[in-house]
Every structure is written in structure tokens, then in C-alpha cells.
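Quick caveat, the model's predicted, so the values are computed rather than measured.
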Amino acid sequence: MSYFYDFFSLFFPRICSSCENTLLKHEEVLCSYCLHQLPKTHFYSEADNPVCKIFWGRVNIHHASSYYFFAKGSRVQHLLHQLKYKNKKEIGIYTGKLFGLDLKNSEFYSDVDIIIPVPLHPKKQSKRGYNQSEMFALGLAESFEIKIDTKTLIRTYASQTQTKKSRFKRWENVKEIFALKNYQHLTDKHILLVDDVVTTGATLEACAAMLLNIPGSKVSIATIACAIK
């Protein structure tokens, strides 16, 4: 098997999804260097971290955190681009597994009951083939050993891209495009709402506000990366 692997790798090398160097046999998705050097936030252990502050005065979330810091031109941006546009679904699952191990041991997330990814409109998901936030949710769910819910929070119509929009324009773009469907099973539950990246927080705010209409619900947020200015 080792000989076959070495021969196969000559023609189809596995590469790191962040730096694109060749992966060693024991490495998965990320090389050892990127695994340890990509800029982690460690916000999951901080009560008033910068991601939480994004939502202050806007929506009453329990806690919010991101795994990595995002910067333009960085390896984290490249990683997210591969996940979102290059069909590298394994990136979302892998980072979800890693982040989930941290989150489930945090006092803020230890009692999470269910994970809900920010939904894509069905037409957009059909075109892309998958929802990148759902891939992240699958990895988190594996580490938490709980289920994900992709049926309750729905996107009622496709919004325009959020790229290059101001905070107000982003909010105007998403404030009325989410809805709840058959939500009774989420009564009194701690919901972990997840997305790939948070910038202004407009999309996550709109989703969280909708989920908080569920009686007794508590909402926390987790993303792969945050663009904190």
C-alpha cells in the first residue's frame, strides 16, 4: 500500500489547501506548518472578544467566536476561497472538526444542543453544489457529537452578493430574507449558528434575530474566520 501511495502521489500529489505545498502521508487538508501557523483567534475563551462586540446592541447572542483571523491576500483567504469556489468541501469539514474540539471544552459552548449553518438560497446551492457553511457545520457536529439542522432556518430569496457593500447596505440586503419552518423542536435549545466568515455581521445578525423568535432559545455564533478591522 505504501508503494502504491508513493507511485500515485507522483502523478496526483496531495497539496495543502492553504500554502499549496505537498502534503506528507500523515497530513490532512493542511500541512503541519499551516496547521500550527495560521493565525488562530482563541476568542472562544474570551467573554467580550472582538467578534462578540460586532453584535453588541444589535442582537442578543450568547457568545461569538471565529477560528482564524482573515486578511486580504493571506493564506486564510486562500483557504476560504478554495472552500467556497473550488469544490474543496473537505476544508470546511476539517476546520469544523478542529474548531469543534476547542469549542466543546469552552464554558460558553459546552451546552450547545444543535448546529445550524447559514442557509444558501436553493438555486444558489444547486449552482454551487453545496453550502460551504454546512460543510463547516458537519465538522463541528462530529466533534460535538450532536446533529445539524438544515431544514428549520431557510432563505426565502437570493440576495445580492455582500462583497464591497457597507454595513448598512449589507443589513438592508439580508434583513428580510430568512424565515423559520417547523421550529418547535428548537424550543429551549442552545443553537450554534455557523458561517464561513464574519465581517460586518449583517447576515449572522439577521439569522440570529430570526432564531431568537423561538421560545427559550439561546444563540451562539461560530465562523471559520473573522475580518476584524
Side-chain angles (χ1 to χ4, degrees), residues 38-70 83 91-120 131-155 174 178-226 228:
L38 288 179
K40 298 183 181 69
T41 71
H42 301 286
F43 288 159
Y44 61 87
S45 60
E46 299 178 24
D48 298 330
N49 70 64
V51 179
C52 287
K53 291 178 182 179
I54 291 173
F55 301 97
W56 283 4
R58 297 165 61 181
V59 64
N60 186 27
I61 61 166
H62 175 64
H63 198 267
S65 184
S66 301
Y67 195 40
Y68 295 124
F69 287 106
F70 175 94
L83 167 63
I91 294 172
I93 297 171
Y94 184 69
T95 54
K97 289 179 185 177
L98 294 176
F99 199 23
L101 294 175
D102 291 332
L103 292 180
K104 75 174 186 178
N105 292 315
S106 165
E107 62 177 302
F108 303 109
Y109 298 89
S110 59
D111 64 340
V112 166
D113 297 297
I114 198 159
I115 300 171
I116 295 182
V118 170
L120 290 178
N131 177 356
Q132 72 276 5
S133 298
E134 185 177 339
M135 298 302 105
F136 181 48
L138 286 170
L140 288 166
E142 184 172 333
S143 289
F144 270 96
E145 298 182 319
I146 58 177
K147 295 180 179 180
I148 71 170
D149 180 343
T150 61
K151 304 296 184 184
T152 302
L153 181 66
I154 60 173
R155 191 182 289 249
V174 300
F178 298 103
L180 296 175
K181 184 177 180 181
N182 301 323
Y183 59 82
Q184 291 76 12
H185 64 292
L186 294 179
T187 298
D188 297 322
K189 300 297 184 184
H190 185 180
I191 301 165
L192 182 59
L193 175 67
V194 305
D195 204 359
D196 55 346
V197 62
V198 56
T199 50
T200 66
T203 300
L204 286 161
E205 177 187 351
C207 290
M210 186 59 62
L211 291 170
L212 286 169
N213 288 319
I214 301 171
S217 65
K218 180 169 67 173
V219 177
S220 291
I221 288 170
T223 69
I224 299 174
C226 60
I228 303 295

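- Note on residues 91-111: pairs passing ring pair (Phe, Tyr, Trp, His ring centres under 6.0 Å), not counting sequence neighbours, are His63-Phe108, His63-Tyr109, Tyr67-Phe99.
- With sequence neighbours left out, Lys189 forms a salt bridge (Lys or Arg N to Asp or Glu O under 4.0 Å) with no residue at all.
- Scored by the side chain to side chain contact (heavy atoms under 4.5 Å, CB included) test, Ala141 finds Ile115, Ile148 as partners (sequence neighbours excluded).
- In this view, Ser66 and Thr223 satisfy the side-chain hydrogen bond (donor to acceptor under 3.5 Å, both in side chains) rule, not counting sequence neighbours.
- Contact record, Ala64 with Val51: CB-CG1, 3.6 Å, taken as the closest heavy-atom pair.
- Between Thr41 and Phe69, the shortest heavy-atom contact is CA-CE1, 3.6 Å.
- Of all the heavy atoms in Ala208 and Val219, the pair that sits closest is CB-CG1, 4.1 Å.
- Considering only residues two or more places apart in sequence or on other chains, Tyr68 meets the ring pair (Phe, Tyr, Trp, His ring centres under 6.0 Å) condition with none of them.
- A distance of 10.5 Å separates SG in Cys226 from CZ in Phe70, rounded to the nearest 0.5 Å.
- In this structure, the side chain to side chain contact (heavy atoms under 4.5 Å, CB included) partners of Thr152, at least two apart in sequence or on a different chain, are Asp149, Leu180, Tyr183, His185, Leu186.
- In the displayed structure, Asn105 atom CG is contacted under 6.0 Å by more than 12 heavy atoms of other residues, nucleotides or ligands.
- The side-chain hydrogen bond (donor to acceptor under 3.5 Å, both in side chains) search around His190 returns Asp111, Ser220, not counting sequence neighbours.
- In this structure, CG in Leu211 is found 11.0 Å from CG in Leu192, a value given to the nearest 0.5 Å.
- When the side chain to side chain contact (heavy atoms under 4.5 Å, CB included) test is applied to Asn182, the partners found at least two apart in sequence or on another chain are Gln184.
- In this structure, CG on Asp102 lies 4.0 Å from OH on Tyr44, to the nearest 0.5 angstrom.
- The CG atom of Asp195 lies 7.5 Å from the SG atom of Cys207; values are rounded to the nearest 0.5 Å.
- Sorted by first and then second residue, the salt bridge (Lys or Arg N to Asp or Glu O under 4.0 Å) pairs with a member in residues 206-217 form an empty list; sequence neighbours excluded.
- In terms of modelled atom types and a separation under 3.5 Å, the side chain of Lys104 and the main chain of Ser143 share a donor-acceptor contact.
- Distance alone, capped at 3.5 Å, places no donor-acceptor pair between the Asp196 side chain and the Ile224 backbone.
- In terms of the salt bridge (Lys or Arg N to Asp or Glu O under 4.0 Å) criterion, residue partners of Glu142 (sequence neighbours excluded) are, by chain and number, Lys97.
- For the pair His62 and Val112, the minimum side-chain heavy-atom distance is 4.5 Å or more.
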(request) Kindly determine whether Ile228 and Ile54 satisfy side-chain contact (heavy atoms from CB on, under 4.5 Å), including the steps that lead there. (result) CA-CA 9 Å; Ile228 303 295; Ile54 291 173; 3.9 Å; yes

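- Checked against Met210 for a side-chain contact (heavy atoms from CB on, under 4.5 Å), the options Leu193, Leu153, Val59 give a single hit: Leu153.
- Here CG of Asp113 is found 10.5 Å from CZ of Phe144. Values are rounded to the nearest 0.5 Å.
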(request) Would you please test Arg155 and Val118 for side-chain contact (heavy atoms from CB on, under 4.5 Å) and show each step? (result) CA-CA 9 Å; Arg155 191 182 289 249; Val118 170; 3.8 Å; yes

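- Interatomic distance, CZ of Phe55 versus OG1 of Thr200, reported as 8.5 Å (0.5 Å rounding).
- Residues Ser217 and Leu212 come closest through the heavy atom pair OG-CA, 3.5 Å.
- Each salt bridge (Lys or Arg N to Asp or Glu O under 4.0 Å) pair with one or both residues in residues 59-69, not counting sequence neighbours, would appear here, but there are none.
- Counting only heavy atoms from C-beta outward, the side chains of Thr150 and Pro119 never approach each other to under 4.5 Å.
- In terms of the side-chain hydrogen bond (donor to acceptor under 3.5 Å, both in side chains) criterion, Ser65 has no residue partners (sequence neighbours excluded).
- Looking at every heavy atom in both residues, Ala47 comes nearest to Cys52 through O-SG, 3.6 Å.
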